[in-house]
Amino acid sequence: MYGIGPDFWLELVLLIIILIVLNFTFSAVMRRWLKVEKRKFLSYNHVNKLHSKVDWSIRITFMAFIIIGGFYNVTRLPAESLWYLEAWFVLFIFLIVSESVQAIFEWKYAINRRDYIYTLSQLSFYVIVVIALFSTGFLWLG
């Protein structure tokens with residue numbers, strides 16, 4: 001009854017493949033519709049030096065929150081841990097803050113004025129996917 005089922009790994013791989021395909025399809029459709037250039041995978045896409053400094057400040061701040069939250073929650077009983085200091089929640093907020101700052105800098109300084117719309121659409125897509133995954137128990141996985 002407890003633990004993972006016999007098909008857990010197969011279902012997990014299938015879920016990851018579905019999410020990758022959805023992300024790739026959504027990005028391709030939005031890029032074509034908005035006429036935005038394709039971005040490099042796992043790159044920072046800084047618009048200017050100020051954006052780079054602000055982005056790194058955000059990253060360092062959230063790394064500190066993850067470390068401090070981890071140490072704080074480890075010292076408490078599992079039932080008493082603070083959900084807003086859990087790594088998954090801090091990463092979710094980091095995604096929202098980081099992408100919002102990216103959109104603001106694109107809106108103000110980017111050459112292609114539609115870049116910020118693409119960033120906001122991606123952020124909305126990611127938030128919807130994460131909320132859907134968590135609210136359904138990762139699509140009833142396990």
Side-chain angles (χ1 to χ4, degrees), residues 3-142:
I4 58 175
D7 295 332
F8 173 78
W9 294 108
L10 177 64
E11 292 171 352
L12 181 63
V13 169
L14 184 62
L15 176 66
I16 291 170
I17 290 171
I18 289 170
L19 292 175
I20 289 171
V21 168
L22 275 174
N23 183 39
F24 177 77
T25 305
F26 180 79
S27 293
V29 167
M30 290 304 293
R31 273 188 285 112
R32 183 167 292 164
W33 185 50
L34 293 171
K35 296 176 180 69
V36 175
E37 289 184 24
K38 185 176 182 178
R39 296 179 181 172
K40 295 177 184 174
F41 184 66
L42 294 177
S43 66
Y44 295 123
N45 299 318
H46 293 131
V47 178
N48 56 24
K49 291 283 186 187
L50 178 62
H51 180 214
S52 177
K53 290 177 185 178
V54 170
D55 185 55
W56 277 105
S57 299
I58 292 169
R59 289 172 189 271
I60 291 169
T61 302
F62 276 92
M63 280 190 267
F65 271 118
I66 288 174
I67 292 169
I68 291 167
F71 280 125
Y72 185 76
N73 278 337
V74 164
T75 61
R76 301 173 64 92
L77 294 174
E80 296 177 353
S81 68
L82 301 175
W83 60 271
Y84 54 86
L85 290 178
E86 294 286 340
W88 64 268
F89 184 76
V90 175
L91 286 172
F92 184 67
I93 298 302
F94 166 73
L95 172 74
I96 293 171
V97 170
S98 178
E99 290 297 304
S100 297
V101 168
Q102 173 85 19
I104 290 168
F105 273 91
E106 288 172 345
W107 175 62
K108 285 187 172 188
Y109 303 110
I111 296 168
N112 186 351
R113 297 288 290 170
R114 289 176 275 200
D115 282 344
Y116 83 95
I117 298 171
Y118 175 70
T119 301
L120 288 176
S121 67
Q122 270 193 320
L123 174 61
S124 301
F125 176 75
Y126 293 149
V127 167
I128 290 168
V129 166
V130 168
I131 290 172
L133 287 175
F134 274 94
S135 65
T136 61
F138 290 85
L139 299 178
W140 306 279
L141 183 63

Test item: S27 side-chain N/O and F24 main-chain N/O as donor-acceptor pair under 3.5 Å | no

Roughly how far, to the nearest 0.5 Å, is CG of L14 from CH2 of W9?
-> 14.5 Å

Measure the CZ-CG distance between R113 and L34 for me, rounded to the nearest 0.5 Å.
-> 13.5 Å

Ignoring hydrogens and geometry, is there a side-chain-to-backbone donor-acceptor pair from N73 to L82 under 3.5 Å?
-> yes

Can you check whether Q102 reaches I58 side chain to side chain, under 4.5 Å on heavy atoms?
-> no

Residue list, salt bridge (charged side-chain N to carboxylate O under 4.0 Å, His left out) with R114, at least two apart or on another chain = none

From L91 atom CG to L95 atom CG, the distance as rounded to the nearest 0.5 Å = 9.0 Å

With distance as the sole criterion, is a donor-acceptor pair present between the side chains of E106 and T119 under 3.5 Å?
-> yes

Output for pair (I128 CD1, L123 CG), nearest 0.5 Å, gives 9.5 Å

Whether N48 side chain and F105 backbone form a donor-acceptor pair below 3.5 Å | no

Contacts of type side-chain contact (heavy atoms from CB on, under 4.5 Å), residue V21, not counting sequence neighbours | I17, T25

Ignoring hydrogens and angles, tell me if any N or O in the side chain of S135 forms a donor-acceptor pair with the backbone of A132 under 3.5 Å.
-> yes

Quick one: closest heavy-atom pair of V47 and A110, and the distance?
-> CG1-N, 4.0 Å

Using ring pair (Phe, Tyr, Trp, His ring centres under 6.0 Å) as the criterion, point out the one residue from Y84, F65, W83 that pairs with F89.
-> W83

For side chain to side chain contact (heavy atoms under 4.5 Å, CB included), just list the numbers for F92 and V127, CA-CA rounded to whole Å, side-chain angles, deciding distance to a tenth of an Å, and then say yes or no.
-> CA-CA 8 Å; F92 184 67; V127 167; 4.0 Å; yes

Got K38 and R31 here, is their nearest side-chain heavy-atom distance under 4.5 Å?
-> yes

Would you mind reporting whether T61 and F94 have side-chain heavy atoms less than 4.5 Å apart?
-> no

Atom CD1 in I117, atom CH2 in W33: separation rounded to 0.5 Å?
-> 8.0 Å

Side chains of F125 and N23: closer than 4.5 Å at any heavy-atom pair?
-> yes

Heavy-atom distance under 4.5 Å between the side chains of N45 and H51, does that happen here?
-> no

Can you tell me how far the CG atom of D55 sits from the NZ atom of K53, to the nearest 0.5 Å?
-> 13.5 Å

Between N112 and E37, is any pair of side-chain heavy atoms under 4.5 Å apart?
-> no

For the residue pair L19 and V129, establish whether any side-chain heavy-atom pair is separated by less than 4.5 Å.
-> yes

